[in-house]
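None of the values given here were measured: they were computed from a predicted structure. Whatever order the structure lists them in is the order used to number ligands and atoms, beginning at 1.
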Amino acid sequence: MDRLAGNARLMIVSDLDHTMVDHHDPENLSLLRFNALWESNYRNNSLLVFSTGRSPTLYKELRKEKPMLTPDITIMSVGTEITYGNCMIPDEGWVEFLNKKWDRNIVSEETSKFPELTLQSETEQRPHKVSFYVQKDKAQEIMKALSTSLEKRGLDVKIIYSGGMDLDILPQGAGKGQALAYLLKKFKAAGKLPHNTLVCGDSGNDAELFSIPDVHGVMVSNAQEELLQWHAANAKNNSKIIHATERCAAGIIQAIGHFKLGPSTSPRDVMDLSDTKMENFDPAYEVVKFYLFYERWRRAEVEHSEHYLANLKSVCCPSGTFVHPSGIEKLLRDCVNSLKTCYGDKQGKQFRVWVDQVLPAQVGSDSWLVIFKKWEQSGEVRQCCLTTVLLSSKDVSVAQGLTWVHVHQTWLDGAGPNSHTTWLF
Ligand code: GLC
Ligand code: MG
């Protein structure tokens with residue numbers, strides 16, 4: 001919550017399954033496009049919030065399966081668990097608030113009287129969330145009956161139906177929308193209300209997000225019937241909410257452009273990155289651009305031209321060094337030379353590179369230290385290095401570009417070397 005000194009330029013609050021993450025795209029292209037856009041243009045001054053129905057257990061599983069960025073704030077279990085930062089520190093105030101008028105034993109007791117309800121897995125039963133599967137054609141009727149019987153027992157609950165199959169029972173004050181309202185209230189009290197907030201979703205448990213005042217909203221093109229119906233009945237005339245024509249993360253990018261919330265061209269959609277004219281040279285953009293080139297070079301998606309490597313060498317400081325995660329130190333220019341032999345070695349293969357949490361800090365009048373996580377996925381193998389890059393604009397104006405002075409990498413815990421892979425950068 002305290003990562004930014006001032007107000008966020010943009011806060012994105014996005015659902016994960018079928019919104020940020022497209023389970024029908026094995027290449028994860030729209031997610032990777034979003035990642036490159038976020039890291040190059042927003043990470044440094046904006047906030048990324050993931051709001052998912054998943055429990056911490058299933059959320060962590062998804063992070064292992066998909067090339068997801070690390071959010072600043074994670075809201076899990078349908079707005080019942082709020083955590084901050086990489087260490088996922090829980091918001092205790094939220095837990096206390098949710099304890100009011102809630103007794104999960106009574107919920108278990110009452111729901112056991114409905115044979116139509118099938119309990120979800122143990123991981124999805126949380127302190128403030130009891131979850132079932134229920135058939136679509138029975139959902140409305142069961143929800144009504146349940147709400148009556150729980151009310152009779154003195155509970156004030158919220159029952160939500162999502163994805164045409166999931167039924168969640170939560171305390172009345174919980175839910176994705178209430179969790180966002182709680183966050184916004186906290187930001188306001190700290191004088192740090194984001195300049196813009198964009199909520200993104202596809203299913204029933206996301207509906208509440210769209211009812212929070214003053215936020216922009218995007219229902220991705222593949223949104224579920226239940227969300228579209230909710231919108232038609234409750235928010236039809238709200239011009240701050242759109243139904244994107246693009247699926248999942250591509251729909252989020254579309255909404256950023258539609259509402260003019262900031263840059264909406266992902267570097268992944270720019271083929272000739274050397275041509276990008278930049279008014280203010282940006283260290284984060286530089287890092288994203290370099291690793292995108294590296295991916296394209298190995299996938300043979302850029303022309304096989306010495307010209308590219310010559311360009312790269314020209315932005316490396318002549319005495320610049322690279323400390324490989326193995327500890328071996330080399331000249332940066334020699335590392336660029338070694339790229340010659342690996343052109344197209346990943347052509348037609350599953351090979352993707354992405355960077356996460358790219359955070360530049362100006363450390364001198366003409367130098368920047370950029371720290372980030374560099375991920376590389378080759379087939380089933382995924383590796384990550386914590387990477388530090390020292391960039392300098394010495395002897396040139398910043399608009400002309402930055403020189404790479406030093407690169408240092410160390411294996412990230414648990415994402416370290418694998419004997420049969422080679423790590424270049
Ligand atoms: C996620 C959760 C599940 C919940 C559903 C809808 O799939 O794992 O427990 O019912 O979201 O909120
Ligand atoms: Mg979803």
Side-chain angles (χ1 to χ4, degrees), residues 12-25 28 30-31 34 49-66 68 71 74-82 98 104 107-108 111 114 116-136 138-139 142-143 146 157-172 174-180 198-210 217-231 243-244 246-252 255:
I12 286 194
V13 181
S14 180
D15 168 52
L16 296 177
D17 297 288
H18 310 289
T19 302
M20 186 59 81
V21 174
D22 190 345
H23 291 285
H24 297 286
D25 175 16
N28 302 306
S30 62
L31 178 56
F34 175 84
V49 182
F50 287 162
S51 186
T52 177
R54 291 182 179 236
S55 62
T57 308
L58 289 193
Y59 166 64
K60 284 168 194 162
E61 272 181 25
L62 186 64
R63 293 203 58 186
K64 281 190 214 144
E65 285 163 27
K66 295 284 179 179
M68 287 160 60
T74 319
I75 303 173
M76 292 161 293
S77 312
V78 199
T80 63
E81 301 183 60
I82 302 177
L98 295 184
R104 85 184 307 290
V107 177
S108 301
T111 49
F114 291 80
E116 301 87 345
L117 295 172
T118 313
L119 202 62
Q120 290 185 10
S121 75
E122 197 51 46
T123 62
E124 300 317 279
Q125 312 305 332
R126 304 293 299 162
H128 299 98
K129 169 175 173 285
V130 186
S131 295
F132 301 90
Y133 298 117
V134 67
Q135 274 179 26
K136 213 172 181 172
K138 301 215 175 106
I142 303 266
M143 281 164 77
L146 256 178
V157 300
K158 184 179 270 179
I159 306 176
I160 306 178
Y161 193 58
S162 305
M165 60 190 247
D166 298 314
L167 187 133
D168 302 311
I169 306 175
L170 324 168
Q172 184 60 248
K176 291 187 177 191
Q178 292 313 305
L180 171 57
L198 173 66
V199 304
C200 322
D202 78 299
S203 84
N205 68 12
D206 301 315
E208 291 193 345
L209 287 171
F210 297 92
V218 54
M219 303 182 289
V220 290
S221 68
N222 50 295
Q224 293 275 336
E225 201 181 297
E226 74 238 357
L227 179 63
L228 298 176
Q229 276 170 5
W230 174 90
H231 175 256
H243 184 192
E246 303 271 347
R247 290 179 61 79
C248 301
I252 301 176

Starting from the C-alpha separation in whole Å, work towards a yes-or-no answer on side-chain contact (heavy atoms from CB on, under 4.5 Å) for Ile75 and Lys176. CA-CA 8 Å; Ile75 303 173; Lys176 291 187 177 191; 5.6 Å; no
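For the pair Lys129/Ser55, no side-chain contact is recorded, criterion being any heavy-atom separation below 4.5 Å from C-beta on. Ser131 places none of its side-chain heavy atoms less than 4.5 Å from the side chain of Ser121. Counting only heavy atoms from C-beta outward, the side chains of Gln120 and Gln125 approach each other to under 4.5 Å. Counting heavy atoms from C-beta outward, Tyr59 and Met68 have side chains that approach closer than 4.5 Å.
The side-chain contact (heavy atoms from CB on, under 4.5 Å) test with Leu146 singles out one residue from Leu167, Val157, Val134, and that residue is Leu167.
Looking from atom 6 (C) of ligand 1 to the surrounding protein, the closest heavy atom is Asp168 OD2, 3.3 Å. Counting only heavy atoms of the protein, atom 11 (O) of ligand 1 lies nearest to Gly53 CA, 3.5 Å. Residue, atom and distance of the protein heavy atom nearest to atom 7 (O) of ligand 1 are Asp166 OD2, 4.1 Å. Given atom 3 (C) of ligand 1, the protein heavy atom at minimum distance is Gln120 OE1, 3.2 Å.
Atom numbering of ligand 1 starts at 1 in the shown order; those under 4.0 Å from a heavy atom of Val78 are 12 (O). Short contacts between ligand 1 and Arg54, defined as distances under 4.0 Å to a heavy atom of the residue, involve ligand atoms 1 (C), 2 (C), 8 (O). Heavy-atom proximity to Lys129, at under 4.0 Å, picks out these atoms of ligand 1: 3 (C), 9 (O). Taking every heavy atom of Asn205 and a limit of under 4.0 angstrom, the matching atoms of ligand 1 come to 6 (C), 12 (O). Within the listing of ligand 1, atoms 2 (C), 8 (O), 9 (O) sit less than 4.0 angstrom from a heavy atom of Glu124.
No donor-acceptor pair under 3.5 Å is formed between the side chain of Asn205 and the backbone N or O of Ile160. With Glu208 contributing its side chain and Gly177 its backbone, the two residues share a donor-acceptor pair below 3.5 Å.
Less than 2.8 Å away from the Mg ion (ligand 2), the protein contributes these N/O/S atoms: Asp15 OD2, Asp17 O, Asp202 OD1.
Backbone and side-chain nitrogen or oxygen atoms of Ser55 are examined, and none is located within less than 3.5 angstrom of a nitrogen or oxygen of ligand 1.
Residues Ser221 and Glu246 have side chains that never bring a donor and an acceptor to within less than 3.5 angstrom of each other.
With respect to the salt-bridge test (charged N to carboxylate O, under 4.0 angstrom), the residues Asp25 and Arg247 do not qualify.
By the neighbour-count criterion of 12 heavy atoms within 6.0 Å, atom CD of Glu65 is densely surrounded, having more than that number from other residues, nucleotides or ligands.
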